[in-house]
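Take a look at the structure below.
FYI, the numbering just counts along the sequence from 1. Both counts, for ligands and for their atoms, begin at 1 and track the order of listing. Keep in mind that the numbers below use all heavy atoms, side chains included, and drop hydrogens, waters and symmetry copies.
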Amino acid sequence: RAKLDGRNNYAFYTESMTKQAAEQLKLQTALHQALVNEDFYLMYQPKVKLSDLKPNGFEALIRWHDTALGQISPAEFIPLAEKIGLIWDIGLWVLKTACLQGVEWLTQGKTFERISVNVASLQLQRNDFVDKVRSILLETGLPAKHLELEVTESCMMNDPDAIIRDLKLLGAMGIALSIDDFGTGYSSLNYLKKLPIDKLKIDQSFVRDIPHDTNNTAIAKAVIALGHALNLQIIAEGVETVEQADFLRLNGCDLVQGYLYSKPRLPQDLNEFLPTIRNSNLPNEIKVK
Ligand code: C2E
Ligand code: MG
Ligand code: MG
Ligand code: MG
């Protein structure tokens with residue numbers, strides 16, 4: 001009986017594999033086309049200072065709407081883009097679009113600290129990444145002090161010395177750097193000590209159910225203490241409840257991001273997070289350009 005079942009399962013398995021492969025292929029083709037057509041857009045999620053709830057900046061998050069396939073999550077298509085070699089071009093599109101948005105806001109007299117852009121490890125692996133970032137800043141006119149890059153721990157998997165060198169170059173340009181999803185990846189305290197970064201982002205999996213989940217509570221506290229001891233700012237992502245926010249504030253977390261404050265929004269819906277400067281003069285950095 002077991003054998004028969006096994007055979008049936010095998011037949012079922014290959015059939016579903018073929019179907020899955022066909023789905024993947026369809027998605028790949030659509031992703032290529034989306035890049036050509038620029039079918040992507042960015043949503044921006046506010047980050048706020050926990051002490052006074054003043055807006056601090058935004059994280060740019062890519063969205064893809066395909067006419068046939070519908071809305072596809074970045075959690076699905078970013079890993080695919082990495083696999084099929086599209087992440088470099090998509091990453092440059094995101095960076096350029098976010099920088100242009102930042103310049104538009106500044107030109108309108110709207111103020112914000114930084115826009116942060118997610119950078120896939122594969123982008124950092126390329127030795128022309130720093131040059132590309134520099135030229136996009138020049139081309140768009142966004143001052144480096146308004147840009148932040150979010151990298152993950154996995155960027156240190158290959159040639160950490162080269163990565164550290166490049167991150168230092170980016171930092172020297174005035175770009176802020178944060179470690180995204182901190183604690184979920186390839187962590188090494190040795191690297192953390194060497195990395196020229198400004199912020200740690202506590203992953204939302206550790207923010208979930210605090211203060212009720214005692215493990216997560218302990219981890220969140222420890223990350224805040226570790227980060228502060230290393231002179232880093234701490235930001236918590238995925239904050240959904242007042243209880244989470246109260247706990248994080250009590251424990252000295254600097255910044256928060258999550259549905260409690262705002263979901264990711266379209267640029268035109270962000271005015272309440274974009275204070276306008278009092279006199280209508282354009283900021284110097286834009287005028288000078
Ligand atoms: P991430 O960088 O860790 O971004 C945070 C994710 O959490 C976003 O999902 C955001 O919408 C979601 N989020 C924010 N607040 C809350 C909350 O309170 N509760 C819950 N449950 N979720 C919250 P999203 O936009 O679907 O992006 C998923 C992941 O896709 C990102 O995780 C990032 O790794 C990747 N991604 C998104 N945009 C880009 C991009 O432009 N480039 C690259 N390389 N990766 C991107
Ligand atoms: Mg991120
Ligand atoms: Mg994150
Ligand atoms: Mg995350």
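A salt bridge links Lys199 to Glu148: at least one charged side-chain nitrogen sits closer than 4.0 Å to a carboxylate oxygen. Taking 4.0 Å as the cut-off between side-chain N and carboxylate O, Glu272 and Arg265 count as a salt-bridged pair.
Contacts between Val94 and ligand 1, counted as non-hydrogen atom pairs separated by less than 4.0 Å, involve the side chain only. At a heavy-atom cutoff of 4.0 Å, ligand 1 is contacted by the side chain of Asp181 but not by its backbone. Proximity of Gln257 to ligand 1, defined as any heavy-atom pair under 4.0 Å, is not found for any part of the residue. At a heavy-atom cutoff of 4.0 Å, ligand 1 is contacted by no atom of Lys263, backbone or side chain. When non-hydrogen atoms are compared, ligand 1 lies under 4.0 Å from the side chain of Gln45 (C-beta onward) but not from its backbone. At a heavy-atom cutoff of 4.0 Å, ligand 1 is contacted by no atom of Met43, backbone or side chain. Contact annotation for Val239 and ligand 1: only backbone heavy atoms (N, CA, C, O) come within less than 4.0 Å of the ligand.
Other residues, nucleotides and ligands contribute more than 12 heavy atoms inside 6.0 Å of the CD atom of Gln71.
There is no side-chain donor-acceptor pair under 3.5 Å between Gln257 and Glu237. Between the side chains of Asp198 and Gln233, no donor-acceptor pair is found at a separation under 3.5 Å. Side chain to side chain, Trp88 and Gln123 fail the donor-acceptor criterion of an N or O pair below 3.5 Å. Between the side chains of His212 and Glu243, at least one donor N or O lies within less than 3.5 Å of an accepting N or O.
Across the listed options Pro79, Ala236, Ala98, Pro74, Pro74 owns the non-hydrogen atom lying nearest to atom 36 (N) of ligand 1. For the residues Tyr259, Phe40, Tyr261, the heavy atom positioned nearest atom 16 (C) of ligand 1 is part of Tyr259. For atom 1 (P) of ligand 1, the choice among Asp180, Leu95, Thr241 with the nearest heavy atom turns out to be Asp180.
Side-chain contact between Asp254 and His228: present, with at least one pair of heavy atoms (C-beta onward) separated by less than 4.5 Å. For the pair Lys201/Ile179, no side-chain contact is recorded, criterion being any heavy-atom separation below 4.5 Å from C-beta on.
Ring geometry for Phe40 versus Trp93: interplanar angle of 30 to 60°, hence tilted. Taking the six-membered ring where the residue is Trp, Phe273 and Phe58 present perpendicular rings, their angle passing 60° and hence far from 30°.
Listed by number with element, the atoms of ligand 1 under 4.0 angstrom from any heavy atom of Ala120 are 44 (N). In the vicinity of Gly258, heavy-atom distances shorter than 4.0 Å reach the ligand 1 atoms 15 (N), 18 (O). Shown in contact with Glu240 at under 4.0 Å from a heavy atom are these atoms of ligand 1, numbered in order with element: 17 (C), 18 (O), 19 (N), 20 (C), 21 (N). Ligand-side atoms of ligand 1 in range of Pro264: 11 (O), range being under 4.0 angstrom from any heavy atom. Atoms of ligand 1 lying under 4.0 Å from at least one heavy atom of Glu59, given by number and element, are 2 (O), 4 (O).
Judged by the shortest distance from any of its heavy atoms, Lys201 lies outside the 4.0 Å radius around the atoms of ligand 1. Assignment of Gly91 to the shell around ligand 1 is not supported, since no heavy atom sits closer than 4.0 Å.
For the Mg ion (ligand 2), the set of nearby N, O or S atoms under 2.8 Å includes one belonging to Asn118. Taking backbone and side chain together, Asp181 holds no N, O or S atom under 2.8 Å from the Mg ion (ligand 2).
Around the Mg ion (ligand 2), the two atoms OE2 of Glu59 and OD2 of Asp180 are separated by an angle of 180°, to 10 degrees.
Looking at ligand 1, you'll find an N or O of Glu237 within less than 3.5 Å of one of its N or O atoms.
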Between Glu150 and Ser116, is a side chain to side chain donor-acceptor pair (under 3.5 Å) present by the stated rule, with each step listed?
-> CA-CA 7 Å; Glu150 297 191 4; Ser116 61; 3.0 Å; yes
